[in-house]
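This report refers to the structure that appears directly beneath it.
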Amino acid sequence: MTHPAENPESHHHKNFIEIEVEKDFANKESLQGKTIQTRFPPEPNGYLHIGHAKSICLNFGLAKTYGGKCNLRFDDTNPSKESQEYVDSIQRDVRWLGFQWDNLFYASDYFQQLYDWALQLIREGHAYVCDLSAEQMREYRGTLTEPGKNSPYRDRTVDENMDLFFRMKSGEFAEGTRTLRAKIDMGSPNFNLRDPVLYRIMNAHHHRTGNDWCIYPMYDWAHGQSDSIEGITHSICTLEFENHRPLYDWFCKTLRIFHPRQVEFARLNLSYTVMSKRKLLQLVTEKHVEGWDDPRMPTISGYRRRGYTPESIRNFCETIGVARFNGVIDVLVLENAVRDHLNKTASRYMAILDPVKVTLINYPDDQVEELEAVNNPEDPAAGSRKLPFSKTLFIEREDFMENAPSKFFRLKPGGEVRLRYAYIIKCEEVIKDSSGKVIELKCSYDPQTKSGSGPSAERKVKGTIHWVSASTGHCAEVRLYDRLFLSETPEEAPEAKTFLDNINPNSKTVLHAVIEPALAQILPGTRVQFERNGYYCADQIDSKPGAPVFNRIVTLKDTWAKIAAKE
Ligand code: ATP
Ligand code: MG
């Protein structure tokens with residue numbers, strides 16, 4: 001077994017789970033001759049988010065590292081919140097992230113086996129039908145400092161339990177009137193062992209089993225047994241299940257079935273981000289965003305639409321490692337992973353988001369020059385393209401300043417600047433409208449200074465700006481996305497407020513930009529850099545042939561750090 005850590009090319013450091021896995025395979029009798037088997041077990045009650053990506057990378061990563069297998073298993077035991085739409089989106093997202101499961105399973109496939117195992121527990125005196133209501137059950141459960149009380153139904157005979165459980169399953173009783181509970185220890189300091197519920201009555205239609213069942217297994221009863229059925233060697237889950245582990249172990253031991261090892265790690269939390277599926281669903285249903293795939297959502301489908309790459313999400317998960325304690329990762333780490341990957345892969349283009357007209361007074365009226373522009377200085381294989389240059393151009397409004405400080409090296413009255421790939425121009429006259437807004441800059445150009453045309457072109461000016469030719473430029477809708485929440489910890493809202501009060505009212509701005517002609521032809525889904533501005537993706541849904549709509553993926557540099565520094 002070779003590990004990537006032994007490969008000098010790799011930057012991977014073994015995480016604590018890998019170390020545990022290696023120890024288990026070296027020492028455990030039950031694992032001899034086996035390879036690792038993991039699973040990713042989403043409940044299909046929402047779309048996957050970046051936290052799930054962490055779990056996916058970990059589970060599929062372990063299987064890959066150690067030459068084993070990883071299943072995709074839908075934990076579909078709560079029909080009231082689950083649907084086929086979620087099942088489909090989850091499969092698409094896992095594939096898009098770059099992973100392929102070895103087996104596709106559903107916990108609902110195991111309903112009969114789970115029922116049979118429940119009968120085994122009853123027969124062996126380890127489970128009973130309880131008639132306490134939910135409220136009574138809470139009263140009997142005890143507190144952190146006081147043990148619980150035994151249910152008055154705890155000592156029912158095996159025959160009575162068998163009869164009642166069968167009738168529960170047959171639909172004879174109303175919802176909420178009875179449960180099946182494991183008989184463990186109402187005095188245990190661990191609440192999970194105080195006779196946990198295994199089955200509740202629910203007259204719900206299930207998206208796969210239809211109306212076959214009216215009793216549904218609880219998470220704890222279904223999860224570990226599903227792991228056992230699939231021969232999962234390591235059941236990786238998040239820290240809040242640590243104190244469920246004794247119950248997980250109790251079920252496997254009491255049923256005398258294959259016993260996977262549960263290992264817990266810290267769930268991923270990101271600053272400025274809400275991660276709970278319940279809250280993400282609320283954002284969608286209350287229309288604070290435009291859907292699960294809104295480019296501002298931390299969902300995989302939102303990131304995909306925004307233009308994040310699967311590579312950058314995987315790199316991010318690798319960078320942050322696997323933690324044993326809960327913490328918050330700065331969302332900048334994710335944004336930087338996206339920048340790093342796009343810097344290497346995205347072609348550069350010119351686009352003007354807030355245009356001001358420039359007229360070159362000494363340039364021939366009808367002349368158009370085809371300049372040669374490099375697509376990606378980081379990637380010679382990306383080649384070059386033709387960039388038309390003419391008498392009338394657009395530049396960014398912010399690249400001109402009338403009363404500029406001496407350190408301003410872009411365009412100012414009487415000052416010079418280089419136009420990228422083209423000439424040095426000088427601002428001769430500023431034209432304003434009646435309100436005083438600059439509407440045109442009359443400039444002269446120096447024909448001797450064409451970029452790349454030899455030593456005479458090497459006259460130096462301090463600034464270079466980008467531009468688009470007015471006669472050949474196209475207009476395009478550009479959506480500037482920013483963080484959806486203003487607060488670093490949006491879920492911690494002050495009293496009488498909710499996470500919704502932390503929403504950034506300016507998380508989306510729509511502009512109409514002038515883009516160079518080559519950009520108008522790019523295909524939906526293509527990611528590009530707008531020079532000197534940021535990375536953008538042609539929206540997969542709203543782009544039309546010849547008329548892309550652009551989503552800003554991420555700015556070139558972090559602008560939030562600057563804002564924070566000013567405060
Ligand atoms: P949420 O709390 O967002 O609703 P969940 O845990 O209920 O998430 P599941 O569909 O049950 O969602 O999760 C599937 C798997 O993904 C589980 O193994 C879970 O531990 C893991 N997972 C969920 N959220 C995170 C996270 N933030 N970081 C790491 N792993 C996560
Ligand atoms: Mg869950």
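Quantities reported herein were computed from a predicted structural model and do not represent experimental measurements. Just so you know, ligand 1 is whichever comes first in the structure, and atom 1 is the first atom listed for that ligand.
Taking every heavy atom of Phe265 and a limit of under 4.0 angstrom, the matching atoms of ligand 1 come to 29 (C), 30 (N). Atoms of ligand 1 found under 4.0 Å from any heavy atom of Pro42, numbered from 1 in the order shown, are 10 (O), 14 (C). Near Pro41, meaning under 4.0 Å from one of its heavy atoms, ligand 1 places the atoms 14 (C), 18 (O). Residue-ligand proximity, Ser276 to ligand 1, at heavy-atom distances under 4.0 Å covers atoms 3 (O). Close approach to His49 involves these atoms of ligand 1, each under 4.0 Å from a residue heavy atom: 3 (O), 24 (N). Near Thr238, the atoms of ligand 1 lying under 4.0 angstrom from a non-hydrogen atom of the residue are 20 (O), 29 (C), 30 (N), 31 (C).
No donor-acceptor pair closer than 3.5 Å links the side chain of His234 to the backbone N or O of Arg39. Proximity of a side-chain donor or acceptor of Thr299 to a complementary backbone N or O of Gly302 within less than 3.5 Å is detected.
Comparing heavy-atom distances from atom 8 (O) of ligand 1 across His223, Lys54, Lys277, Met275 singles out Lys277 as nearest.
An N or O contact shorter than 3.5 Å is missing between Glu240 and ligand 1 by distance. Considering backbone and side-chain N/O atoms, Cys237 never comes within less than 3.5 Å of an N/O atom of ligand 1. Polar contact check, Glu43 against ligand 1: a nitrogen or oxygen pair lies under 3.5 Å apart.
Taking the six-membered ring for Trp and the full ring otherwise, His206 and Phe111 have centroids separated by under 6.0 Å. Taking the six-membered ring wherever Trp is involved, the centroid distance between the rings of Tyr481 and Tyr536 does not fall below 6.0 Å. Here Tyr128 and Phe165 keep their ring centres 6.0 angstrom or further from each other.
When each of Lys14, Arg261, Lys28, Arg324 is tested with Glu20 by the rule salt bridge (Lys or Arg N to Asp or Glu O under 4.0 Å), just one qualifies, namely Arg261.
At a cut-off of 3.5 Å, with distance as the only test, no side-chain donor of Tyr66 or Gln37 sits close to an acceptor on the other residue.
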